[in-house]
Protein chains: 2
Amino acid sequence: MTNHPDDTIASRISRALADRIISGELAPGQRLRQDHVAEEFGASHVPVREAFRRLEAQGLAVSEPRRGVRVASFDLREVREVAEMRAALEVLALRHAVPHLTPAILDRAAAATAAADSSRDVRSWEAANRAFHRLILEPCAMPRLLAAIDDLHAASARFLFSAWRSSWEARTDHDHRAILAALREGDGDAAMAILGRHVQWIGRTPVRNATGETREVFSIVG
Amino acid sequence: MTNHPDDTIASRISRALADRIISGELAPGQRLRQDHVAEEFGASHVPVREAFRRLEAQGLAVSEPRRGVRVASFDLREVREVAEMRAALEVLALRHAVPHLTPAILDRAAAATAAADSSRDVRSWEAANRAFHRLILEPCAMPRLLAAIDDLHAASARFLFSAWRSSWEARTDHDHRAILAALREGDGDAAMAILGRHVQWIGRTPVRNATGETREVFSIVG
DNA sequence: TCGGCAGAAATTATCTATAATTTTTGAGCC
DNA sequence: GGCTCAAAAATTATAGATAATTTCTGCCGA
């Protein structure tokens with residue numbers, strides 16, 4: 001087996017499952033059976049169990065002792081909760097990042113925004129959006145804070161994908177441009193204010209499902 | 001083996017180790033060897049490994065693949081980071097809790113404050129302090145937020161114990177009383193402002209170590 | 001005396017096997 | 001026809017065993 005160093009089987013399984021949960025391939029409430037997962041990855045169930053624990057900590061799965069693990073469900077309450085936590089923590093991160101932001105970083109963030117705007121599908125849009133946020137927040141150099149924000153981004157992405165799974169249209173992110181403009185002018189407070197609102201923006205979106213019906217779905221955007 | 005329902009061996013080990021790390025019984029950087037822990041708890045190493053994953057997620061331990069698990073170290077930077085994260089998240093929680101606070105809850109919070117003031121040792125002070133914060137924040141009914149705050153409290157307690165391990169003197173917590181007073185008057189904004197400052201308060205404290213020397217130690221308080 | 005290099009010991013990560021619990025299935029009964 | 005209870009199947013949780021990696025130890029040579 002090709003074992004890259006610094007990479008354990010458990011972490012590979014954890015990442016793969018996280019990706020499926022986030023993309024919606026694994027539905028909320030769905031049971032995760034350790035032997036099945038183990039067989040699929042050609043491993044035994046011991047690393048699978050460790051992967052489950054990590055998913056649990058990330059809030060992507062819930063475990064009931066002796067009754068198995070399920071994909072975490074989520075409702076509008078939780079969408080709001082994650083959005084508000086992100087707003088609080090990303091604003092905090094930005095406050096500390098501002099003194100260390102360089103024009104080069106802002107240029108890369110602008111490129112990420114452009115990439116998001118020209119995305120043809122949700123997945124690449126989400127990746128570009130995440131890159132933007134990470135770029136402007138990373139200079140805060142607070143690893144624990146950044147890790148927490150990453151987990152919240154994963155949760156956000158679940159909601160995003162669940163809303164826009166079928167239909168997707170490119171949008172232009174004015175907030176991102178406004179944040180960059182404020183940062184370029186050295187107005188950190190304004191950037192923080194926009195970011196805080198931006199992350200909490202929750203919209204109603206009409207979504208067409210497989211049978212052609214249209215229903216309104218709440219979704220997080222920033 | 002007496003297996004209480006809803007309680008797995010891994011979670012018991014995890015709680016026990018977390019307690020030792022927080023109390024300082026296990027020093028930062030110290031290696032945690034799975035076989036030794038397994039033997040001590042009369043279990044095999046599989047649940048021990050799962051406990052390690054949980055501690056890792058809580059930020060109490062760090063793991064390097066194939067090189068084992070160590071108690072997470074912490075420095076002043078991280079103390080500040082945790083304090084600021086707590087401030088951001090606890091203020092958010094309080095904002096949502098305020099509409100659901102009842103006089104009965106505030107009375108219990110006042111009792112917790114009194115218990116803290118009359119504590120004779122750090123450990124009971126910390127428990128009472130934690131109870132105060134949980135009481136006024138729990139009504140926000142945001143489980144993910146509360147879980148994140150709990151983990152940050154655990155990290156805070158590490159710093160607290162490391163500073164006051166040897167010497168401890170009872171203090172009166174004026175901030176807690178001010179927060180309660182503001183809440184009783186219905187002034188949620190004032191309570192949030194005080195809480196935000198309170199949690200971030202980091203003091204220099206002279207600490208006497210075993211050899212009788214005195215040195216200054218940073219410590220978190222709220 | 002110090003640094004580097006075997007070999008040994010310890011430790012981690014994984015797999016296979018076993019025990020215990022939960023869920024499912026199906027026969028018997030009302 | 002639907003309900004109840006028990007046996008069977010599936011699944012989880014833990015234990016014991018194995019392979020691979022890392023760390024320690026002591027020796028040799030510069």
Side-chain angles (χ1 to χ4, degrees), chain A residues 1-21 25-73, chain B residues 1-21 25-73:
Chain A
M1 188 161 295
T2 45
N3 249 336
H4 287 265
D6 222 58
D7 190 52
T8 177
I9 292 183
S11 71
R12 267 207 302 276
I13 296 176
S14 158
R15 277 197 298 273
L17 291 181
D19 200 61
R20 289 187 202 167
I21 294 172
E25 187 180 332
L26 292 172
Q30 187 168 335
R31 282 186 71 173
L32 296 173
R33 273 170 278 227
Q34 57 185 23
D35 279 4
H36 296 190
V37 176
E39 192 179 7
E40 181 194 337
F41 286 88
S44 92
H45 63 246
V46 178
V48 174
R49 291 178 62 80
E50 293 184 40
F52 283 174
R53 290 294 161 276
R54 180 175 268 165
L55 294 173
E56 207 182 340
Q58 287 178 306
L60 294 176
V62 289
S63 154
E64 288 175 287
R66 302 206 162 268
R67 305 195 59 176
V69 175
R70 300 176 165 279
V71 177
S73 61
Chain B
M1 188 161 295
T2 46
N3 249 336
H4 287 265
D6 225 59
D7 190 52
T8 176
I9 292 183
S11 70
R12 268 206 301 277
I13 296 176
S14 157
R15 277 197 298 273
L17 291 181
D19 200 60
R20 289 187 202 168
I21 294 173
E25 188 180 333
L26 292 172
Q30 186 168 335
R31 283 186 72 172
L32 296 173
R33 276 170 275 226
Q34 57 187 22
D35 280 3
H36 296 190
V37 176
E39 191 179 7
E40 180 194 336
F41 286 89
S44 96
H45 58 242
V46 178
V48 174
R49 290 181 65 80
E50 293 184 39
F52 284 173
R53 291 293 162 278
R54 186 182 227 141
L55 294 173
E56 206 183 342
Q58 289 178 305
L60 294 176
V62 291
S63 152
E64 288 177 289
R66 302 212 158 263
R67 306 196 57 177
V69 175
R70 299 176 167 279
V71 176
S73 61

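Chain letters run A, B, ... following the sequence lines, proteins first and then strands; every chain starts at 1. Everything numeric here is computed off the predicted structure, so don't read it as measured data.
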What protein N or O atoms touch nucleotides 8-11 of chain D N or O atoms at under 3.5 angstrom, if any, and at what distances?
none

Margin query: Tell me every residue that passes side-chain hydrogen bond (donor to acceptor under 3.5 Å, both in side chains) with Glu39(A), counting only those two or more places apart in sequence or in another chain.
Written below: none

Next item on the list: Could you name each residue pair satisfying salt bridge (Lys or Arg N to Asp or Glu O under 4.0 Å) that touches residues 40-50 of chain B, not counting sequence neighbours?
Entry: Arg49(A)-Glu50(B), Glu50(A)-Arg49(B), Arg53(A)-Glu50(B), Arg20(B)-Glu40(B)

Margin query: If the condition is side-chain hydrogen bond (donor to acceptor under 3.5 Å, both in side chains), which residues does Asp19(A) pass it with, not counting sequence neighbours?
Written below: Arg123(A)

Note to self: Taking only side-chain N and O atoms of Thr8(A), does any of them lie within less than 4.0 angstrom of OP1 or OP2 on dT12(C)?
What the structure shows: no

Check: Roughly, in whole Å, what's the span from CZ in Arg70(A) to C1' in dT23(C)?
Finding: 11 Å

Notebook entry, point to check: Quick one: side-chain contact (heavy atoms from CB on, under 4.5 Å) partners of Val37(B), sequence neighbours excluded?
Noted result: Ile13(B), Leu17(B), Phe41(B), Val48(B), Phe52(B)

Margin query: List the residues meeting side-chain contact (heavy atoms from CB on, under 4.5 Å) with Gln30(B), not counting sequence neighbours, and say none if there are none.
Written below: Leu26(B), Ala27(B), Val71(B)

Check: For Arg33(B), which residues count as a side-chain hydrogen bond (donor to acceptor under 3.5 Å, both in side chains) partner, sequence neighbours excluded?
Finding: none

Next item on the list: To the nearest Å, give me how far apart CD (Glu56(A)) and P (dT12(D)) are.
Entry: 14 Å

Next item on the list: Figure out the CD/P separation between Glu50(B) and dT12(C), and round it to whole Å.
Entry: 16 Å

Item checked: side-chain contact (heavy atoms from CB on, under 4.5 Å) involving Ala57(A) - partner list, sequence neighbours excluded -> Ala57(B)

Check: When the distance from CZ of Arg53(B) to P of dT12(C) is rounded to whole Å, what number comes out?
Finding: 11 Å

Note to self: Rounded to the nearest 0.5 Å, what separates atom CD in Glu56(B) from atom CD in Gln58(B)?
What the structure shows: 11.0 Å

Next item on the list: Measure the distance from CZ on Phe41(B) to C1' on dT14(D) and round it to the nearest whole Å.
Entry: 16 Å

Sort me out a list of protein N/O and nucleotides 17-22 of chain D N/O pairs below 3.5 Å, or just none if empty.
{"residue": "dA17(D)", "atom": "N6", "partner": "His45(B)", "partner atom": "NE2", "Å": "3.2"}

